[in-house]
Amino acid sequence: MAMKNVGNSNTFEQTLERRLSRREFGRTSLIAGLTPLALSLNCAGVERKKDSLLAASGRPGRWFESVEPGIDDKLHVPNGYEAQVLLSWGDPLFDAAENFDAHKQTEQAQLRQFGNNCDFVGYLPIEGSEHGLLCVNHEFNWASMMFPGYEAQGGVRDAITEEHARIEMAALGHSVVEIRKVNGLWTIIKGQRNRRISLLETKIEFSGPVMGHKRLRTTQFPDGMRSRGTMANCSGGVTPWGTVLFCEENFADFFEVKHGAAEEKLAYERYAIDTPATFGQFRFDSRFRVDDEPRAPNHYGWVVEYDPYDPQSVPKKRTALGRACREAATVAVSGSGQVAVYSGDDDYFEYLYKFVSKDKYDPNAKAANADLLDEGILYAAKFNDDGTARWIPLIHGLNGLDKSNGFDSQADVLIEARRAADTVGATKMDRPEDVEANPKTGKVYVMLTKNGRRKASMVDAANPFEDNRYGHVLEISPPEDKDGRVDHAAPEFKWEVLIAGGPVSRKASLGAYHADTLSKDAFACPDNCTFDNQGRLWIATDGIQGALNSADGIFVCGTSEEERNLVQRFLRVPSGAEACGPCFTPDAKTLFVSIQHPGFGKGCTFNNPGTRWPDFSPDVPPRPSVIAVVRSDGGEIGG
C-alpha cells in the first residue's frame with residue numbers, strides 16, 4: 001500500500017525549493033542586472049505613489065507587443081498598458097486600521113491590514129465591472145523577509161519570537177477588500193464590507209460527511225464540529241451563487257511531529273507530516289505540535305467556502321470535497337444542473353480530482369445553494385493511453401476503499417483522499433496545479449507545472465515527458481448530454497496534451513507551439529490560469545527562472561483552431577517573485593494579478609532582498625502586492 005508517492009517528501013530543502021518557486025537560483029542571479037528605479041516611472045496610485053511600470057521594449061504581436069524575457073527589479077507590461085499597484089502587504093483595510101510600519105508590526109495591526117504573500121484573486125461585482133469585492137488568499141510567510149534580524153530562512157523556525165510567530169499567523173489566510181474604479185484608477189474603500197480571515201483567530205465550521213468525526217476531535221474542539229484558522233491558502237474559485245472557495249495547500253509545513261499517534265500514522269506519512277516543521281509556530285501554539293494534538297493536522301487541507309458579501313458569515317470547510325494539498329477549486333455547472341468542482345493536488349505524482357454534487361444548482365435562489373457542496377461524490381482521474389479517461393469514485397466500500405485497506409468509513413476516505421486515490425489506481429500526475437474551464441467551449445484545462453523526478457520508466461500518455469522540467473497543459477473534453485450541453489457530471493472524458501512548455505525550438509512530439517510563436521515568448525512551469533472573453537488561456541508561471549532563465553509572468557495561449565498554442569508573454573514580474581491568481585473583471589478591461597514574494601531567494605532577507613519592489617524605499621522590504629493592469633485606451637485586455 002503506497003503511503004507517499006514516488007519522490008514526495010517534506011525536508012526543509014525541498015520545502016524551500018517549493019517556496020523558491022521551484023527556481024533553484026542563487027543570490028547572484030537574483031541581483032544580476034538590477035538597476036535603481038527611475039522616479040519618472042512612478043504614477044499616482046491608491047493613497048500614495050505606487051509604481052506603474054511599463055515595458056520599454058517589445059515586438060508587434062497578434063494581440064499586443066510581447067514583453068521581453070529577462071530578470072530585473074521591475075514589473076513589465078506591454079506598451080499600451082498600465083499596471084497599478086492596488087494592494088500591498090500591510091495596507092490598512094479599515095478606517096481605524098494603522099498604516100503599515102515594517103519596523104513596528106503588531107498582530108492587532110496586521111489583523112486589520114492586507115495580508116502577506118497574496119495568491120488567488122477573485123473579483124465579485126457589487127455594481128458591474130467597476131465596483132466590487134476583491135477576494136485574495138495569503139499563502140505563507142518567511143520571517144526573514146517580514147522582520148529585520150533574521151539572516152537566513154533555514155534557521156528561522158528555531159529562532160522566531162512568539163510575537164513574530166503571531167504576526168505571521170495574522171498575516172495568513174484571506175482578505176476581502178471593497179474596490180471601485182474612479183477616473184481610471186482603482187481605489188480601496190475602507191469600511192464594513194472588508195474582512196480579514198486569518199490563521200490566528202478566525203472560527204471556522206466543518207460541514208459534510210466528516211463533520212463531528214472522531215478524527216477531528218481535539219482539545220480545543222472536542223466535538224469535532226469547528227476549527228480555528230486557515231493557512232497555506234493557495235488558489236481557489238468563485239461559485240455561480242456568489243461565494244468564494246479557497247484551498248489549504250501545503251499545510252504539512254506547519255506541523256512538528258516526533259512520535260505522533262498510531263491511529264494517524266498512515267495519514268501523517270501520506271501527507272508528509274512526518275518531518276520537522278518548516279515554520280516555527282509549533283513552538284508557541286499546540287495546534288501544530290502533533291504529539292500534543294495528534295488529530296489537529298486533520299483540521300487542515302480542506303476547501304473552505306464563505307460568503308464575501310456578508311462580513312459576518314462563518315467560513316465552512318467542505319469535507320465532501322476531500323482533503324488534499326489543493327491548488328484550486330474551480331466550479332463548473334453541468335447541463336443537468338449538477339455542479340462539478342475540479343482541483344489538482346499540487347505535489348509530485350499526485351492526482352486530479354472532481355467532485356460532483358448530488359443536488360442541482362438553482363440560479364434563482366442563492367440560499368438553496370448554500371450547502372450544495374456538502375453532498376456528492378468525489379472522484380480521482382484515471383487517464384488511458386488512447387486519449388480516453390474516467391473518473392473513479394472515491395466511495396467507501398468500492399474499489400478497495402474498505403477496512404482491508406484501513407478505510408472504516410466515508411469520513412476516512414475523505415480525510416485520506418490521497419491514499420484513497422492510491423488505492424483505486426488513479427493516474428499520478430506531474431504536479432497538477434490550477435484547473436479551469438473555458439467559458440467559450442466548456443473544455444477544462446489542467447496546469448501540470450513540472451516533474452523533474454519522472455523517470456523514463458514512469459512516463460505515461462498524460463505525463464509523456466521524462467524529466468519534465470518545463471511542465472505541460474492538458475485539455476479535457478467532457479462529453480455532451482442528449483441535449484448537446486457540456487456534461488461536467490459525466491464519469492468519462494477525452495483528453496489530449498494542449499501544449500508542452502520549454503524552448504520554442506524544443507521538438508516536442510506532443511503539444512508543439514504554434515508556428516508563429518517567437519522564441520522569446522517561450523513559457524514553462526504553468527501554475528494558475530484563467531480565460532478571457534475570447535476563450536484564450538492566460539497562464540501564470542512559477543519556475544521559469546530555473547527553466548528558461550527569465551523571471552516569471554503571465555502568458556497568453558490561443559485555444560481556437562486558428563490560434564491554438566500561439567503564445568505571447570504579457571507580463572513579467574520583479575526578480576524573486578511569481579505571478580499568481582490572474583483574474584479579469586467581467587468586462588475584461590482589468591486584469592488583476594498577485595505578485596507573490598518579490599525579492600525572495602536563497603540568502604535574501606528583510607535587510608538584503610533581491611528587490612525592494614514596489615516601494616523602493618531603503619527601509620521598507622519588498623511587499624507582495626495585487627496589481628491591476630488596464631489598457632491605456634480603456635479597451636479590453638488583449639485587444
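We count residues from 1, following the sequence as given.
- Aromatic ring centres of H213 and F206: separated by at least 6.0 Å.
- Seen from the ring of Y271, R323 counts as a face-on cation partner, given the 6.0 Å and 45° thresholds.
- Between the R196 side chain and the Q113 main chain, a donor and an acceptor come within less than 3.5 Å of each other.
- Using a 4.0 Å cut-off between charged nitrogen and carboxylate oxygen, D422 and K428 do not count as a salt-bridge pair.
- Aromatic ring centres of W142 and F279 lie closer together than 6.0 Å.
- Ring geometry, F254 versus F288: the interplanar angle falls from 30° to 60°, so the pair is classed tilted.
- The closest donor-acceptor contact from the side chain of N298 to the backbone of R215 lies under 3.5 Å.
- When atom types are taken as modelled, the side chain of N137 and the backbone of E139 share no donor-acceptor pair closer than 3.5 angstrom.
- Remark: the backbone N or O of E178 is paired with a side-chain donor or acceptor of N194 at under 3.5 angstrom.
- Scored by the side chain to side chain donor-acceptor pair (under 3.5 Å) test, D307 finds K366 as partners (sequence neighbours excluded).
- By the side chain to side chain donor-acceptor pair (under 3.5 Å) test, R289 is found to be paired with D292, residues two or more places apart in sequence or in another chain being considered.
- S198 and R228 form no side-chain donor-acceptor contact under 3.5 Å, judged by distance and modelled atom types alone.
- The existence of a salt bridge linking R166 and E162 is excluded, since no basic side-chain nitrogen approaches an acidic carboxylate oxygen closer than 4.0 Å.
- At a threshold of 4.0 Å, the pair D346-R326 does not count as salt-bridged, since none of the basic side-chain nitrogens sits closer than that to a carboxylate oxygen.
- Defined by atom type and a distance below 3.5 Å, a donor-acceptor pair is missing between the side-chain atoms of Q110 and Q105.
- Listed by chain and number, the residues in a ring pair (Phe, Tyr, Trp, His ring centres under 6.0 Å) with F221 amount to none (sequence neighbours excluded).
- Comment: R318 engages E305 in a salt bridge, judged by a side-chain N to carboxylate O separation of less than 4.0 angstrom.
- Remark: R217 does not engage D223 in a salt bridge, criterion side-chain N to carboxylate O under 4.0 Å.
- A salt bridge is absent between R283 and E256; no separation between the charged side-chain nitrogens and carboxylate oxygens falls under 4.0 Å.
- The distance from atom CG of D119 to atom CG of D542, rounded to the nearest 0.5 Å, is 9.0 Å.
- A salt bridge is defined here as a Lys NZ or Arg NE, NH1 or NH2 lying under 4.0 Å from an Asp or Glu carboxylate O, and D347 with R431 fails to meet this definition.
- Aromatic pair F100/W89: ring centres closer than 6.0 Å.
- At a threshold of 4.0 Å, the pair R295-E264 does not count as salt-bridged, since none of the basic side-chain nitrogens sits closer than that to a carboxylate oxygen.
- Between H174 and F246, the two ring planes are parallel [angle under 30°; tilted spans 30° to 60°].
- Put simply, the residue from Y353, Y379, F407 that forms a side chain to side chain contact (heavy atoms under 4.5 Å, CB included) with L394 is Y353.
- We find that E248 and K317 are joined by a salt bridge, their nearest charged nitrogen and carboxylate oxygen being less than 4.0 Å apart.
- When atom types are taken as modelled, the side chain of D434 and the backbone of A328 share no donor-acceptor pair closer than 3.5 angstrom.
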